[in-house]
Amino acid sequence: MQYWLMKSEPSEFSYDDLVARPDQTEHWDGVRNYQARNMLRDQMKRGDQVFFYHSNCAEPGIVGIAEISREGYPDHTAFDPDSKHPDPASDPANPRWFMVDVKPVRKLKRTITLAELKDRPELGDLALVRRGNRLSIMPVAADQWAFILSLE
DNA sequence: GCCAACGTTGGC
DNA sequence: GCCAACGTTGGC
């Protein structure tokens, strides 16, 4: 069992939007960063637990828990010139970008804010709070996961 | 291989 | 809206 944190702008796709999906699942497309791509393609496994983080909003923080429901497969939106993140250099025969499917597990009782997470010395190694971090997908250690949940 | 320019992320 | 931090691009 591995743990992750995935960022999403709630104005684009919020935790409630995920819950509202008719089939309770959504593909996590549009990631165009190689470090994140490698995690999507190689490391994330079905059943892994994910903190759903809202970024670029009034109260950035962790709002819910999701789960990987399908392991990495090619992000076909890269081939679509009308998609939000087309990449003409990605060849369908040798896809450059990957995505996973996620499904909701539960919403947190409250948002655990970025400000709180930054305040906790226990989370000093969490990539999210490290200076200049811009990764949209990052691993969370098991003890970090448990500690963050204990703040709820 | 270096590095300046540029675009993007995301907190504030 | 501002801007710091970072990744990518492309000239040389």
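All values derive from a computational prediction rather than experimental measurement. Hydrogens, waters and symmetry mates are skipped; everything else that's a heavy atom, side chains included, is used. Every chain is numbered from 1 and lettered A, B, ... according to where its sequence line falls, protein lines coming before strand lines.
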key: Minimum-distance pair of heavy atoms, taken over all atoms of A:A36 and A:V31   = CB-CG1, 3.5 Å

query = If you look only at pairs with a residue in residues 87-134 of chain A, which of them pass as a ring pair (Phe, Tyr, Trp, His ring centres under 6.0 Å), with sequence neighbours excluded?
reply = A:Y34-A:W97

remark   = Residue pairs meeting side chain to side chain donor-acceptor pair (under 3.5 Å), one or both in residues 52-66 of chain A, sequence neighbours left out, come to A:E9-A:N56

query = Given atom CD1 of A:I137 and atom C1' of B:dG10, what is their separation to the nearest angstrom?
reply = 16 Å

key: Strand-adjacent residues in residues 114-122 of chain A, judged by heavy atoms under 4.0 Å from DNA chain B   = A:L114, A:K118

key: ring pair (Phe, Tyr, Trp, His ring centres under 6.0 Å) contacts in which one or both residues fall within residues 62-96 of chain A, not counting sequence neighbours   = A:H27-A:H76

request  = Mark up nucleotides 2-9 of chain B, 5' to 3', with B wherever a protein heavy atom is under 4.0 angstrom from a base atom, S wherever such an atom reaches only the sugar-phosphate, and - elsewhere.
outcome  = -----BBB

note = Rounded to whole Å, the CG-P distance (A:L5 to B:dG10) equals 11 Å

Salt bridge (charged side-chain N to carboxylate O under 4.0 Å, His left out) partners for A:K84, two or more places apart = A:E12

Flag, side chain of A:E152 to backbone of A:K109, donor-acceptor distance under 3.5 Å = yes

task = Please indicate whether A:Q35 has more than 12 foreign heavy atoms, meaning atoms of other residues, nucleotides or ligands, lying under 6.0 Å from its CD.
result = no

query = Going through the distances and angles, do A:D48 and A:W4 end up as a side-chain hydrogen bond (donor to acceptor under 3.5 Å, both in side chains)?
reply = CA-CA 8 Å; A:D48 284 358; A:W4 307 93; 3.0 Å; yes

